Amino acid sequence: MHKTILAQIDSPKALRRLKTGDLPDLALELRDFIIDIVSTKEGHLGASLGVVELTIAIHYIFDTPNDKLIWDVGHQAYGHKILTGRKSIFDTNRQLGGISGFPKRSESEYDAFGTGHSSTSISAILGMAIASGIKGDTERQHIAVIGDASIASGMAFEALNHLGSTKANVLVILNDNAIGIDPSVGALKKYLTNVKKGTAKEENIFECLNLNYTGPVDGHDLPLLLKELERLKSVKGPKLLHVITTKGKGLQSAEDDQVVYHAPGKFNKSTGELQAKTDTDQPAKYQDVFGHTLVELAEKNKKITGITPAMPTGSSLKYMMAKMPDRAFDVGIAEQHAVTLAAGMAAEGLMPFCTIYSTFLQRAYDQVIHDVALQNLPVIFCLDRAGIVGQDGATHHGVYDMAYLRCIPNLVIFAPMNETELRNIMYTAQLGLSHPIAIRYPRGQGVQVHWKSPFDRIEIGSSRELRKGSKIAILSIGHIGNTVAEVIEEFSNDQIGHYDMRFVKPLDKKNLYTIFENYEYVLSIEDGCKAGGFGSAVLEFANETAHANKLVIMGIDDLFLEHGTVQELHRLAKIDAASLKTRIKILLDS
Ligand SMILES: Cc1ncc(C[n+]2csc(CCOP(=O)(O)OP(=O)(O)O)c2C)c(N)n1
Ligand SMILES: CC(=O)[C@@H](O)[C@H](O)COP(=O)(O)O
Ligand SMILES: [Mg+2]
């Protein structure tokens, strides 16, 4: 009997034909299935395990896909994917050519809205509910599932503020597990904890916002969930169901270490034990070089502060937070606030290192312009996960930052080719800059095993000549310069020069002028979009000096790159070693 129910479910329609008594067994099977696949294929684990009962209950009670269902962030939607016709291809999750790790409109009619960045679900579902109203569809249900960390973000609050002033038929399900990737933070978290303890003040914050509030209810109690959802189906207007769940539910190690099991990599599906890393003599991750270097600098320079919007582990700001809790802040999923908070600190003479994933800084674009650059406040942005990030895919690649930052006056943009360069620019920045600076570095490892070098000051706007040549000059920006260095080793002649340009802005125009004068061809390469990026900056320079005909730009074309390994995606984007080799050969032969 057990192990057979999930096999029958190829759609929510099949699910809805089950007896309610079968659903607890289905929940067990669904958990096992998720654990089984994620243990070898990797991905986000804890969040999906936590909402197994909720996922079953929603699809059981509501008429998806006619009723609209949005999963905020979407990293918890594995159960949803499996129950909505993607069970047989779930083992392709996050792999090249496979299904996305996040809901995606083009993938399934059950994915009502594409997510990946958090806190968008309430706005989007309200938009859909308003659309249903305008189209005269009064029966359709609209459901957004949002986590406790995501609902604390500004965008979610903006949406709640609007929602509560409407009669829209929207159900917000607050999935409260008291943790984001790292433990949730802030006053709202304290409030929700008090609600759970029954010690909250009499007025309920959601009722004050004019939402019909139910809860808190046990999100693992399937009969209770079914009952509440069935009841709420006939309650008109905006409403919020507060469910309490355990992230990682059903796998003991994932419940015990929720931070690690958010996305644990490969693990033993029976014991939960993580697959041991075999090679210890590996270069450190850039994020760790950042995190440890910041502590090192902050120990001497008391003006240094650190800020992360909800990514203390991912960015490694956790090291400073542990050592200097008064000077290092996790502000929750609040990129806009993080940037303007840093601006305020800089205005008062502090030296804030504001570390944000490249992709998530997109949300704080106006704050970078209006609050930082326009006022020329020397905030130090450390943009982690810049470039292609791999399996998280299109929502997460950090490939636009050079383009979207380069057009902002006053802003310096630097990309380290290795750990030493990252350390040195961090050191330089805290010596005192007269401008804000964005330092972009990729996900994963650098190239140096022994990275703890003594500090050296870097002259702003200076590039490095790594190899002198005569025919082709390769200009690289950041970590991708290591691919260039490797590739040109294979060309024994001295025709190829290599320049680590370091600064997207200001460009080292003096050096560029000499390069364009002395080489027949100049080839720029970047792990960002070509439109408006580093190569575009070089092209603008080349135009000014009438050398544009010498320039070849390698970068990412005008398209959204999907998911796959970083290597696969570099190959697809034609910025990998083989593509570079081909380009070089063509130029050498011409
Ligand atoms: C705008 C934005 N910032 C940061 C992230 C990174 N991120 C992904 S999941 C997550 C935590 C979400 O926590 P919560 O909403 O409580 O959901 P749970 O994982 O607990 O289910 C964060 C910070 C993101 N996806 N989007
Ligand atoms: C869902 C989400 O946005 C994060 O969990 C993201 O996948 C983190 O990526 P890193 O593994 O690069 O920290
Ligand atoms: Mg949570």
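Nothing here was measured: the structure is a model prediction, and the numbers come from that model. Order of appearance sets the numbers: ligands from 1, and atoms from 1 within every ligand.
Judged by distance alone, the side chain of Thr40 and the main-chain N or O of Ile37 form a donor-acceptor pair under 3.5 Å. Between the side chain of Asn194 and the backbone N or O of Ala200 there is no donor-acceptor pair closer than 3.5 Å. When atom types are taken as modelled, the side chain of Asp371 and the backbone of Val339 share no donor-acceptor pair closer than 3.5 angstrom.
Of the N and O atoms on the side chains of Arg423 and Thr293, at least one donor lies less than 3.5 Å from an acceptor on the other residue. Under the 3.5 Å distance criterion, with hydrogens and angles disregarded, no donor-acceptor pair is assigned to the side chains of Thr308 and Asp330. With 3.5 Å as the limit, one finds a donor-acceptor pair spanning the side chains of Asp176 and His242.
The heavy atom nearest to atom 17 (O) of ligand 1, out of those in His75, Gln258, Gln76, is found in His75. Nearest to atom 13 (O) of ligand 1 by heavy-atom distance, out of Gly154, Gly180, Gly74, Gly50, is Gly180. Ranked by closest heavy atom to atom 10 (C) of ligand 1, the top entry among Thr245, Ile181, Val51 is Ile181. The heavy atom nearest to atom 16 (O) of ligand 1, out of those in Leu174, Ile356, Ile179, is found in Ile179.
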Would Thr84 and His59 count as a side-chain hydrogen bond (donor to acceptor under 3.5 Å, both in side chains) if you check the C-alpha gap in whole Å, the side-chain angles of each, and the deciding distance to 0.1 Å? CA-CA 9 Å; Thr84 54; His59 282 293; 5.6 Å; no
Go through the steps for His396 and His563 under the test ring pair (Phe, Tyr, Trp, His ring centres under 6.0 Å), then give the verdict. CA-CA 9 Å; His396 282 61; His563 42 279; over 10 Å; no
Evaluate side-chain hydrogen bond (donor to acceptor under 3.5 Å, both in side chains) for His220 paired with Glu53, printing each intermediate quantity in order. CA-CA 6 Å; His220 301 300; Glu53 288 82 6; 3.0 Å; yes
Given the rule in the salt bridge (Lys or Arg N to Asp or Glu O under 4.0 Å) test, do Lys269 and Asp36 qualify, once you have shown the distances and angles that lead to the verdict? CA-CA 6 Å; Lys269 67 178 176 186; Asp36 188 24; 2.9 Å; yes
Report the C-alpha distance between His570 and Asp527 in whole Å, list the side-chain angles of each, state the deciding distance to 0.1 Å, and finish with yes or no for side-chain hydrogen bond (donor to acceptor under 3.5 Å, both in side chains). CA-CA 8 Å; His570 274 236; Asp527 60 350; 5.2 Å; no
I would like to know whether Gln287 and Arg443 meet side-chain hydrogen bond (donor to acceptor under 3.5 Å, both in side chains); could you show each step before the answer? CA-CA 8 Å; Gln287 68 182 61; Arg443 185 172 197 269; over 6 Å; no
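Protein heavy atom closest to atom 26 (N) of ligand 1, with residue, atom name and distance, is Ser118 N, 2.9 Å. Scanning the protein for heavy atoms near atom 15 (O) of ligand 1, the closest one is Ser150 OG, 2.6 Å. Looking only at heavy atoms of the protein, atom 25 (N) of ligand 1 is closest to Gly116 O, 2.9 Å. With respect to atom 5 (C) of ligand 1, the closest heavy atom belonging to the protein is Phe360 CZ, 3.2 Å. Looking only at protein heavy atoms, the nearest one to atom 3 (N) of ligand 1 is Glu335 OE2, 2.6 Å.
For ligand 1, the atoms sitting less than 4.0 Å from at least one non-hydrogen atom of Lys247 are 18 (P), 19 (O), 20 (O), numbered in the order shown with element in parentheses. Short contacts between ligand 1 and Asn177, defined as distances under 4.0 Å to a heavy atom of the residue, involve ligand atoms 18 (P), 20 (O), 21 (O). Taking every non-hydrogen atom of Ala310 and a distance limit under 4.0 Å, the qualifying atoms of ligand 1 come out as 23 (C). In summary, the atoms of ligand 1 found under 4.0 Å from a heavy atom of His117, numbered by their order in the structure, are 25 (N), 26 (N). Interface atoms of ligand 1 facing Arg363, defined by a heavy-atom separation under 4.0 Å, are 1 (C).
Ring geometry, Phe33 versus Phe90: the interplanar angle falls from 30° to 60°, so the pair is classed tilted. Ring planes of Phe290 and Phe353: tilted class, angle from 30 to 60°. Using the six-membered ring where Trp is involved, His44 and Phe102 have ring planes that are tilted, between 30° and 60° apart.
No more than 12 heavy atoms of other residues, nucleotides or ligands sit less than 6.0 Å from atom NZ of Lys285.
Under a 4.0 angstrom heavy-atom cut-off, Met311 registers as being in contact with ligand 1.
Lys266 and Glu42 are joined by a salt bridge, as a carboxylate oxygen and a charged side-chain nitrogen come within less than 4.0 angstrom of each other. Between Lys247 and Glu255 there is no salt bridge, since no side-chain nitrogen of the basic residue lies less than 4.0 Å from a carboxylate oxygen of the acidic one.
The N/O atoms of Ala149, backbone and side chain alike, include one that comes under 3.5 Å of an N/O atom in ligand 1.
Within the sub-2.8 Å shell of the Mg ion (ligand 3), the protein contributes these N/O/S atoms: Asp148 OD1, Asn177 OD1, Ile179 O.
In this structure, ligand 2 sits under 4.0 Å from heavy atoms belonging to His44, Val73, His75, Phe102, Ile181, His262, Tyr357, Phe360, Arg385, Asp392, His396, Arg443.
For Ile333, every heavy-atom contact with ligand 1 shorter than 4.0 Å involves the side chain, none the backbone.
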